[in-house]
Chemist: 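One structure coming up, written as structure tokens, with questions to follow.
The residues of the chain are indexed from 1 along the displayed sequence.
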Amino acid sequence: MDTAEAMLSVLVVLIILVSLLSNVLVLVCFLYNPEIRKQVPGLFTLNLTFCNLLLTVSNMPLTLAGLVNRGAPGGHGMCQAVGFLETFLSTNSMLSMAALSIDRWLAVVFPLRYHSKMRHRDAALVLGYTWVHSMSFSTVAICLSWVGYHRLYASCTLSSARTSNRTQFVVFTVFFHAFTFLLSFVVLCVTYLKVLQVARFHCRRIDVITMQTLVLLVDIHPSVRQRCLEEQRRRRQRATRKISTFIGTFMLCFAPYVITRIVELFPAVPINPHWGIASRCLAYSKAACDPFVYSLLRHQYRKTCSDIINRVLKKQSSQNATGPGQRQNQHQGNSIPSAE
């Protein structure tokens, strides 16, 4: 194993650890807080979390084993099963992100009609579509034997070793990425850019009201006026930063891998093996980023994590307060016979 492969192996281990811990923490918050469970976006977040967890425990360790051993981990049947899961989970996670963006679009653009447009039943129907969509491409790939170990990515994924159906595999690969990555990216851009447009419109309205108030309050202290102007600037930047994070992480993590898969269809174009594994690691890193992008950085999840930590610390402090000495004294006190 050379230096680059060793560094990539360490990177895969770090991604596995961060993804496992962060997604488990999101799941714990979901189970602990009933308010999160009542919200409709919680269903999409839960589905995305399960996809990331399954991808972390099934595909990432085998990719690490394939990178270390420089060969297919396990038998042919196991590799096909893992490749099927990889296709299904990757597609499902992308569509779940698109569903979350649609939910945000409805909540911001149609705030008064949101609860009638997006109910738990509607969210279940959307999730049903994501599962059918993901299962369709995965089933076609496994039935046509287009799933196996791919040396370029050191993982079990879409692969066609036979040259007889090369054209069919190329068409399938193009359609697969067009209806998963490209479709999700278009939905993300359209919905979040509309959300940003509405957010900026509301910020301008708030800024006008604030400036009118500052003009009327002639005796206001300059420091208070400066804080109000700084809050206006932060409010405008906050919306842009959130939208850029949603779209930027999606493109940064998935685009290199998808582009590499498309370029790979042209045999005349050589691809560096280290780059193939690096692009695969970037795609895996989305599973580690999603808990922070969609959940853990939100106020509700942060408060839930704080409540869980405080509850654990209080429980430990109460156990430490009732130490062995106190328990022994209580036992001795209970054993003293009564005066009667």
Side-chain angles (χ1 to χ4, degrees), residues 12-63 82 84-104 107 118 120-135 138 180-181 184 187-188 191-192 242 245-250 252-254 257 281-309:
V12 173
V13 172
L14 291 177
I15 293 173
I16 292 174
L17 294 177
V18 174
S19 177
L20 189 62
L21 293 176
S22 58
N23 283 284
V24 168
L25 184 57
V26 172
L27 186 59
V28 170
C29 292
F30 183 87
L31 297 176
Y32 181 83
N33 193 335
E35 294 298 325
I36 296 177
R37 294 197 300 271
K38 292 179 182 178
Q39 298 173 357
V40 175
L43 295 178
F44 301 133
T45 304
L46 182 63
N47 187 67
L48 180 61
T49 302
F50 271 120
C51 290
N52 291 334
L53 278 175
L54 288 176
L55 191 69
T56 302
V57 300
S58 62
N59 291 82
M60 295 185 193
L62 290 182
T63 299
V82 172
F84 174 85
L85 275 178
E86 187 270 337
T87 306
F88 174 81
L89 295 174
S90 299
T91 305
N92 204 334
S93 62
M94 290 185 190
L95 296 178
S96 297
M97 297 171 207
L100 281 168
S101 69
I102 294 175
D103 178 83
R104 287 297 86 202
M118 184 60 73
H120 283 85
R121 183 184 64 183
D122 302 320
L125 291 175
V126 174
L127 288 179
Y129 169 76
T130 63
W131 277 67
V132 171
H133 186 121
S134 306
M135 189 66 69
S138 305
T180 53
F181 169 77
S184 301
V187 172
L188 286 172
T191 53
Y192 280 133
K242 288 183 178 180
T245 301
F246 292 142
I247 301 178
T249 54
F250 184 87
L252 180 63
C253 294
F254 286 127
Y257 177 70
C281 292
L282 281 175
Y284 282 153
S285 66
K286 193 67 172 71
C289 296
D290 286 341
F292 300 98
V293 173
Y294 292 100
S295 302
L296 295 179
L297 295 182
R298 292 173 53 192
H299 173 73
Q300 194 172 24
Y301 280 87
R302 293 203 308 267
K303 185 177 182 302
T304 303
C305 293
S306 178
D307 293 341
I308 294 174
I309 294 174

Chemist: Check residues 23-30 and write down every donor-acceptor pair under 3.5 Å in which the side-chain atom is one partner and the other belongs to a residue at least two apart or another chain.
Modeler:
unit_1 : atom_1 : unit_2 : atom_2 : d
Asn23  : ND2    : Ser19  : O      : 2.6
Asn23  : ND2    : Ser19  : OG     : 3.2
Asn23  : ND2    : Ala287 : O      : 3.0

Chemist: Would you name the heavy atoms of Val40 and Ala123 that are closest together and state the gap between them?
Modeler: CG1-CB, 3.5 Å

Chemist: Would you call Asn47 and Asn92 a side-chain contact if the rule is heavy atoms closer than 4.5 Å?
Modeler: yes

Chemist: Could you check if a side-chain atom of Leu55 sits within less than 4.5 angstrom of a side-chain atom of Ser93, using non-hydrogen atoms only?
Modeler: no

Chemist: In terms of ring plane angle, is the pair His133 and Tyr129 parallel, tilted or perpendicular, where the classes change at 30° and 60°?
Modeler: perpendicular

Chemist: Taking the side chain as everything from C-beta on, heavy atoms only, tell me whether Thr249 gets closer than 4.5 Å to Phe292.
Modeler: no

Chemist: Between the side chain of Thr130 and the main-chain N/O of Leu127, is any donor-acceptor distance below 3.5 Å?
Modeler: yes

Chemist: Can you confirm whether Phe84 is buried at CZ, in the sense that more than 12 heavy atoms of other residues, nucleotides or ligands lie under 6.0 Å from that atom?
Modeler: yes

Chemist: Report yes if the side chains of Ser306 and Lys303 come closer than 4.5 Å at any heavy-atom pair, otherwise no.
Modeler: no

Chemist: Could I get the full list of side chain to side chain contact (heavy atoms under 4.5 Å, CB included) partners for Val13, not counting sequence neighbours?
Modeler: Leu17, Leu64

Chemist: Thr180 and Met94: which non-hydrogen atoms are nearest, and at how many Å?
Modeler: C-SD, 3.9 Å

Chemist: Any donor and acceptor pair, going by atom type alone, linking the side chain of Ser138 with main-chain N or O of Phe88 inside 3.5 Å?
Modeler: yes

Chemist: List the residues meeting side chain to side chain donor-acceptor pair (under 3.5 Å) with Tyr32, not counting sequence neighbours, and say none if there are none.
Modeler: none

Chemist: Give the minimum heavy-atom separation between Ala283 and Phe254, together with the two atoms involved.
Modeler: O-CE2, 4.0 Å

Chemist: For the pair Phe246 and Tyr294, name the ring-plane relationship: parallel under 30°, tilted 30 to 60°, perpendicular over 60°.
Modeler: parallel

Chemist: Are side-chain heavy atoms of Pro291 and Thr49 found at a separation under 4.5 Å?
Modeler: no

Chemist: For the residue pair Tyr301 and Leu297, establish whether any side-chain heavy-atom pair is separated by less than 4.5 Å.
Modeler: no

Chemist: Look at the side chain of Thr56 and the backbone N and O of Asn52, then say whether any donor-acceptor pair between them is shorter than 3.5 Å.
Modeler: yes

Chemist: If you take all heavy atoms of Leu95 and Ser134, which pair is closest and at what distance?
Modeler: CD1-OG, 4.1 Å

Chemist: Report the residues that fulfil side chain to side chain contact (heavy atoms under 4.5 Å, CB included) with Val187, sequence neighbours left out, ordered by chain and then residue number.
Modeler: Ala98, Ser101, Ile102, Leu183, Thr191

Chemist: Could you give all pairs that pass the salt bridge (Lys or Arg N to Asp or Glu O under 4.0 Å) test and reach residues 282-296, with sequence neighbours left out?
Modeler: Lys286-Asp290

Chemist: So which atom in Met60 and which in Tyr284 form the shortest heavy-atom distance, rounded to 0.1 Å?
Modeler: CE-O, 3.5 Å

Chemist: Who passes side chain to side chain contact (heavy atoms under 4.5 Å, CB included) against Ala107, sequence neighbours left out?
Modeler: Arg104, Tyr114

Chemist: Could you pull out the closest heavy-atom pair between Ile16 and Pro61, with the gap in Å?
Modeler: CD1-N, 4.0 Å

